[in-house]
A.B. asks: 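Just passing along the structure, written as structure tokens.
Just so it is clear: chains get the letters A, B, ... in the order the sequence lines come, proteins before strands, and each one is counted from 1. Small disclaimer: the values here were computed from a predicted structure and weren't measured.
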There are 2 protein chains.
Amino acid sequence: MKEGPDISQIGALIGDPARANMLTALMGGQALTATELAGAAGITLQTASSHLSKLEAGALIAQRKQGRHRYFALADDEVGLLLENIMGFAANRGHLRTRPGPKDPALRKARVCYNHLAGDFGVRMLDRLVADGDVTLDGDDAALTQSGEARIAAIGIDVPALRAQRRPVCRTCLDWSERRSHLAGSLGEALLGRFIADGWAKREKDSRAIRFTAEGERRFVALFP
Amino acid sequence: MKEGPDISQIGALIGDPARANMLTALMGGQALTATELAGAAGITLQTASSHLSKLEAGALIAQRKQGRHRYFALADDEVGLLLENIMGFAANRGHLRTRPGPKDPALRKARVCYNHLAGDFGVRMLDRLVADGDVTLDGDDAALTQSGEARIAAIGIDVPALRAQRRPVCRTCLDWSERRSHLAGSLGEALLGRFIADGWAKREKDSRAIRFTAEGERRFVALFP
DNA sequence: TGAATGCTTCGGCTAACATCGAAGTATGAA
DNA sequence: TTCATACTTCGATGTTAGCCGAAGCATTCA
């Protein structure tokens with residue numbers, strides 16, 4: 001027995017409620033301070049500090065010192081994908097939180113998934129790109145076609161610059177609310193950044209929800225009908 | 001905060017080493033008895049019984065009574081996909097077991113992933129099917145084309161019977177050793193069953209490894225060059 | 001019916017760990 | 001320099017939960 005990689009370490013890291021809450025908070029994509037994360041998890045600063053060092057030792061999160069603050073964020077895209085995946089599984093099993101809360105519909109419509117767009121809007125965007133032959137899928141990998149590159153460039157995104165990064169440009173990420181894939185990778189991040197920079201959408205405070213303005217939603221739907 | 005599904009319960013279930021070992025053993029796809037699982041995890045029967053009831057309460061496994069035995073198996077395909085996914089993540093992070101063990105190369109070449117073929121052989125099979133236009137990918141879903149249906153039928157698999165089941169016929173599953181997708185779903189299960197039934201390959205005892213006979217490997221490569 | 005096998009339940013022990021108060025370190029501001 | 005803020009480390013506490021021995025069911029076989 002004892003074959004393959006050891007999953008129990010990762011399970012144990014995610015298995016503590018306080019740590020799970022911190023990770024969920026970090027799925028918002030913003031780097032947060034230890035104090036903020038302690039608040040999110042409902043624990044004191046000392047306890048949070050202990051948890052954070054464990055998560056860091058497990059390479060699930062990374063910290064960046066900046067002045068007297070220390071900002072914590074998910075270590076990389078892979079962690080976000082994994083967490084979204086587990087959330088999808090948990091949602092199917094009915095392992096939902098006791099009360100769905102009023103924000104739930106908004107989360108299902110559009111939310112940030114670590115650094116890219118998820119929810120109904122995210123899924124529909126990828127569907128449209130694939131249907132139009134702008135993105136091709138290959139398992140969990142994805143690729144931008146020539147026509148796709150033109151389309152993305154027209155939105156105002158510097159595709160060559162994305163390609164120059166070491167990260168994959170396109171990836172798929174399983175959406176827990178839609179149970180279908182949406183677009184991740186540096187392109188997914190760039191697109192969400194564009195929508196927000198252009199004022200089409202705004203992030204809700206203390207939430208993963210993304211609220212599109214009426215005008216922004218109109219434009220988004222025009223782009224990805 | 002406290003948004004979305006609760007991942008900590010699932011993390012906690014997987015987070016205990018004894019339970020993780022049992023789940024890994026069940027990834028072999030065979031239903032095992034409590035005694036066998038206790039052996040796999042290196043614990044006594046009583047302790048195993050306690051763990052098993054927790055896993056069952058969490059809907060990760062299901063049991064089937066048969067005479068005086070109780071057979072435990074993963075609850076469904078979804079669980080297998082999730083575990084393989086976490087294994088892939090763990091492998092990337094270097095959360096490997098202390099010693100890779102001698103079986104590791106065999107596992108990377110061909111192994112059973114709950115009920116379908118994984119490893120180099122599994123990945124190459126799906127690659128070939130996609131390249132030939134027999135399977136189309138759409139995120140984590142996949143579909144068999146007309147030409148694909150003919151090809152599969154020629155191998156001796158009753159595709160309409162697969163379609164009649166409620167389960168998805170094609171799914172992709174992320175391979176932890178190859179970091180690419182292989183074919184899951186009822187078709188993936190049927191294909192592996194065919195290979196074994198035709199004597200092309202045999203399951204190794206007490207392992208997830210699959211050993212192809214020389215003749216079987218020749219035929220497999222001829223089918224999926 | 002009695003014996004054997006397979007598994008669960010109970011009870012108590014132990015180790016691990018999450019938690020927080022208090023003290024310590026580091027950075028920045030006054 | 002002094003104070004304040006941000007965070008970590010230490011120490012003590014309490015709860016949890018894994019673990020196993022022993023006893024209790026349930027099923028099968030003789």
A.B. asks: Roughly, in whole Å, what's the span from CG in A/Leu55 to P in C/dC17?
C.D. replies: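 After rounding, the gap between these two atoms is 14 Å.
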A.B. asks: Given C/dC20, C/dC7, D/dT8, which nucleotide is nearest the side-chain atoms of A/Ile43?
C.D. replies: C/dC20
A.B. asks: Strictly below 4.0 Å: does A/Thr35 bring a side-chain N or O up to OP1 or OP2 of D/dA6?
C.D. replies: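 Indeed not, no polar side-chain atom of A/Thr35 lies that close.
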A.B. asks: Closest-nucleotide mapping onto DNA chain C: is A/Arg19 or A/Gln46 further toward the 5' terminus? I mean the 5' end.
C.D. replies: A/Arg19
A.B. asks: Quick one: is D/dA17 close enough that its OP1 or OP2 comes under 4.0 Å of any side-chain N or O from B/His51?
C.D. replies: no
A.B. asks: Atom CD of B/Glu36 and atom P of C/dG6: how far apart are they, to the nearest Å?
C.D. replies: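 B/Glu36 atom CD is separated from C/dG6 atom P by 10 Å.
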A.B. asks: Closest to the B/Arg70 side chain: C/dC20, D/dC7, C/dC7?
C.D. replies: C/dC7
A.B. asks: With a 4.0 Å cut-off on N to O distance, would you call B/Glu217 and B/Arg211 a salt bridge?
C.D. replies: no
A.B. asks: Taking only side-chain nitrogens and oxygens of B/Thr33, does any of them come within less than 4.0 Å of OP1 or OP2 of C/dG6?
C.D. replies: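 Looking at the OP1 and OP2 atoms of C/dG6, neither is under 4.0 Å from any side-chain N or O of B/Thr33.
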A.B. asks: Atom CG of B/Leu45 and atom C1' of D/dA26: how far apart are they, to the nearest Å?
C.D. replies: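 To the nearest whole Å, that distance equals 14 Å.
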A.B. asks: Rounded to the nearest Å, what distance is computed from the CG atom of residue A/Asp16 to the C1' atom of nucleotide D/dT15?
C.D. replies: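 Going from A/Asp16 (CG) to D/dT15 (C1'), I get 13 Å.
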A.B. asks: What is the separation between atom OH on A/Tyr71 and atom P on C/dT27, rounded to the nearest whole Å?
C.D. replies: 16 Å
A.B. asks: Under 4.0 Å: is that the gap between some side-chain N or O of B/Thr47 and OP1 or OP2 of D/dC20?
C.D. replies: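 Checking D/dC20 against B/Thr47, a side-chain N or O does come within under 4.0 Å of OP1 or OP2.
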A.B. asks: Write down the distance between CD (A/Glu56) and C1' (D/dT8), rounded to a whole number of angstrom.
C.D. replies: 12 Å
A.B. asks: Given 3.5 Å as the limit, does a donor-acceptor pair link the side chain of B/Arg208 with the main chain of B/Val112, or not?
C.D. replies: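 The answer is yes, because a donor-acceptor pair under 3.5 Å joins these two groups.
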A.B. asks: Got a donor-acceptor contact below 3.5 angstrom from the B/Arg219 side chain to the B/Ala214 backbone?
C.D. replies: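 No, because the side chain of B/Arg219 does not come within donor-acceptor range (under 3.5 Å) of the backbone of B/Ala214.
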A.B. asks: In plain terms, say whether B/Glu84 and B/Arg111 are close enough for a salt bridge, that is, a side-chain N and a carboxylate O under 4.0 Å apart.
C.D. replies: yes
A.B. asks: Without decimals, in angstroms, what is the distance between B/Met22 CE and D/dG18 C1'?
C.D. replies: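 Whole-Å distance recorded here is 11 Å.
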A.B. asks: To the nearest Å, give me how far apart CG (B/Leu52) and C1' (D/dA17) are.
C.D. replies: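 Roughly 16 Å, once rounded to whole Å.
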A.B. asks: Taking only side-chain N and O atoms of A/Lys54, does any of them lie within less than 4.0 angstrom of OP1 or OP2 on C/dA18?
C.D. replies: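 The answer is yes; a side-chain N or O of A/Lys54 sits under 4.0 Å from OP1 or OP2.
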A.B. asks: Give a yes or no on whether a salt bridge exists between B/Asp77 and B/Arg171, defined as a side-chain N under 4.0 angstrom from a carboxylate O.
C.D. replies: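 Judged by the 4.0 Å cut-off on N to carboxylate O distance, B/Asp77 and B/Arg171 do not form a salt bridge.
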